[in-house]
**Q** 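Here it is, the structure, as structure tokens.
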Amino acid sequence: MNTIIEPFRIKVVEPIRMTTPEQRESILAAAGYNVFLVRAEDVLIDLLTDSGTGAMSSLQWAGVMRGDESYAGAKSWYELQDRVQEITGFAHILPTHQGRASERILFELLGGEGKVVPNNNHFDTTRANIEHTGAKAVDLVIDEGKDPKTRHPFKGNLDPAKLEALISEIGADKIPVVMVTVTNNSGGGQPVSLENLHAIRDICNKHELPLFLDACRFAENAWFIKQREPGQQDRSVREIVRQMFDLADGATISAKKDGLVNIGGLLLLRSPELVRQADELLILTEGFVTYGGLAGRDLEAMAQGFDEITDADYLQYRVRSTEYLGEKLLTAGVQIVEPPGGHAIYIDAKHFCPHIPPRHFPGQALVCGMYRHAGIRAVEIGSVMFGKEKAPPMELVRLAIPRRVYTQSHIDYVIEAISELFEQRDQLRGLEIVSEPPSLRHFTARFREL
Ligand SMILES: *Cc1c(COP(=O)(O)O)cnc(C)c1O
């Protein structure tokens, strides 16, 4: 049997409201051709993000009812602490309301003027939190990770030679922490190998630098290691996950990804001194150390989510269904970032719309085309998001797959719609900006079609 089925049955359904192309045309115009300004109920298939958009299991919903809402020392907190300690081996676990809250606490303690933080690729909130303290965030992914067509099994790897070069250039004392993002979200959801984590750990040991993981998608990363790294096939996902965490001195986690919840985050630490300082900041801005910014029911759902995420049947389905979407688009002639990542497919919009120059936003044109044609919502990652001063190297459109939400027929619909759009791609029209805010313009800018 080759068919990999969704390893779950559906117990609760949420209706999707069908719309006609005419309705979508006027919705799009009213939203200024920006799908962030479209109401979610006017979207058929929502691939805007995989963050916080997953479906919880029956056991997670049962946990919601079990949630202990005591202010301090709730049973739900101990449940979460036990599960996360078991999976990661970290003794000190701080709950936060989402990943960026963990980042803000960490970099308030480690950042500051003159400091430099390396990473394979910083996620945008990580970069923003580092730069907010006056420090600099630098990306040191391997060169293969920047080429959309190279098929390297671990395109998320941090380049050890580039890290060594940075350390000798600026000195280890300027580097408060080395980060590695698993999987590498901003680099296309590409995995990092255990061998690479060991190499980075060795460099950190040599220069006495702490190594932290941005571990939002730790389970997807472990699955890629099990599939692709020599000698790892017979190990369990849990063993690989544990080895990844054992190599780190700390981790920031958004539980909205591999925590399988709609809200929540964690900060994992080893240094008792850092824990003391982080606890103070946690209480100042998130909440007491046994709930962070969360309700007891959220802690309970997270505890169960972290337990479920390492299930091999789930991970096989997850990674394979993303790959399936990518393969079918390639077969239709659509260029994507290769190989497919864990949580999303990235379409090369320059290839899709060669007649639209970057200044007229080929990615945004494709996003609008997908919505108009089929009610699919995706996100532009190109000149709208990053091109205010100069055009970025790639014009991409990301199709992020929410966890356990859509079935294969939903994905087949997406494939059919994008293939049809590709056939009529010369009809896609470029856009120009009518109004934009001073920063983060992709969220609220309004456009006009040319
Ligand atoms: C989502 C994400 C974050 C931030 O987490 P939030 O929960 O959205 O605040 C940080 N790093 C990576 C790699 C992410 O994907």
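In what follows, every heavy atom counts, from backbone to side chain, and hydrogens, waters and symmetry copies are set aside. Positions are given from 1 along the sequence. Every number for a ligand or one of its atoms is a count from 1 in the order of the listing.
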**Q** Say whether Cys216 and ligand 1 are in contact under the criterion: heavy-atom distance to a ligand atom below 4.0 Å.
**A**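 Yes, Cys216 has heavy atoms under 4.0 Å from ligand 1.
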
**Q** Suppose the criterion is side-chain hydrogen bond (donor to acceptor under 3.5 Å, both in side chains): which pairs have a residue in residues 250-264, not counting sequence neighbours?
**A**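 Of all non-adjacent pairs touching residues 250-264, those that pass side-chain hydrogen bond (donor to acceptor under 3.5 Å, both in side chains) are Asp258-Arg403.
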
**Q** Honestly, is Arg377 close enough over Tyr371, meaning NZ or CZ under 6.0 Å from the six-membered ring centre and within 45° of the axis?
**A**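 Ring-cation test returns no.
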
**Q** For atom 14 (C) of ligand 1, which protein heavy atom lies nearest, and how many Å away is it?
**A**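 Answer for atom 14 (C) of ligand 1: Lys257 NZ, 2.9 Å.
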
**Q** Among all protein non-hydrogen atoms, which one is nearest to atom 11 (N) of ligand 1, and what is the separation to 0.1 Å?
**A**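 Here the nearest protein heavy atom works out to Asp214 OD2, 2.7 Å.
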
**Q** Taking only heavy atoms of Thr125 into account, list the atoms of ligand 1 that are under 4.0 Å away from them.
**A**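 With Thr125 as reference, the close atoms of ligand 1 come out as 3 (C), 4 (C), 10 (C).
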
**Q** Does Thr181, backbone or side chain, put an N or O under 3.5 Å from an N or O of ligand 1?
**A**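 Between Thr181 and ligand 1 (N or O atoms, distance only) the closest approach is not under 3.5 Å.
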
**Q** Identify which of Gln98, Arg104, Arg217 has a heavy atom lying nearest to atom 6 (P) of ligand 1.
**A**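 It is Gln98 that holds the nearest heavy atom.
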
**Q** Can you name the atoms of ligand 1, numbered from 1 with element, that are less than 4.0 Å from a heavy atom of Glu103?
**A**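 Taking each heavy atom of Glu103 in turn, ligand 1 has 10 (C), 11 (N) under 4.0 Å.
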
**Q** Got the closest protein heavy atom to atom 8 (O) of ligand 1, with its distance?
**A**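 Sorting protein heavy atoms by distance from atom 8 (O) of ligand 1 puts Arg100 NH2, 2.9 Å first.
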
**Q** For a side-chain contact (heavy atoms from CB on, under 4.5 Å) with Asn221, tell me which candidate from Val182, Val241, Thr181 qualifies.
**A**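 For Asn221, the side-chain contact (heavy atoms from CB on, under 4.5 Å) test succeeds with only one of Val182, Val241, Thr181, which is Val182.
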
**Q** Output yes when the distance from some N or O of ligand 1 to some N or O of Gly99 is under 3.5 Å, and no in every other case.
**A**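 Right, the criterion is met.
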
**Q** Tell me, with the steps shown, if Val117 and Leu110 meet side chain to side chain contact (heavy atoms under 4.5 Å, CB included).
**A** CA-CA 9 Å; Val117 180; Leu110 299 182; over 6 Å; no

**Q** Pick one: which of Lys162, Arg127, Lys146 meets salt bridge (charged side-chain N to carboxylate O under 4.0 Å, His left out) with Asp139?
**A**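 Of all the options given, the one that passes is Arg127.
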
**Q** Under 4.0 Å from any heavy atom of Lys256, which atoms of ligand 1 are there?
**A**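 Result: 7 (O).
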
**Q** May I have the list of side-chain donor-acceptor pairs in residues 339-350 shorter than 3.5 Å, sequence neighbours left out?
**A**
unit_1: His343; atom_1: NE2; unit_2: Asn185; atom_2: OD1; d: 3.1
unit_1: Tyr346; atom_1: OH; unit_2: Asn185; atom_2: O; d: 3.1
unit_1: Asp348; atom_1: OD1; unit_2: Lys350; atom_2: N; d: 3.1
unit_1: Asp348; atom_1: OD1; unit_2: His351; atom_2: N; d: 3.2
unit_1: Lys350; atom_1: NZ; unit_2: Pro393; atom_2: O; d: 3.0

**Q** How about Glu79 and Glu300: do any of their side-chain heavy atoms sit closer than 4.5 Å?
**A**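 In short, these two side chains touch, coming nearer than 4.5 Å.
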
**Q** State whether the shortest distance between N or O atoms of Thr183 and N or O atoms of ligand 1 falls below 3.5 angstrom.
**A**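 Such a contact does not occur with ligand 1.
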
**Q** Would you call the rings of Tyr317 and Phe8 parallel, tilted or perpendicular, where under 30° means parallel and over 60° means perpendicular?
**A**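 Rings of Tyr317 and Phe8: perpendicular, as their planes differ by over 60°.
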
**Q** Give the atoms of ligand 1, by number and element, whose distance to some non-hydrogen atom of Ser254 is under 4.0 Å.
**A**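 Per the distance check, 5 (O), 6 (P), 7 (O).
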
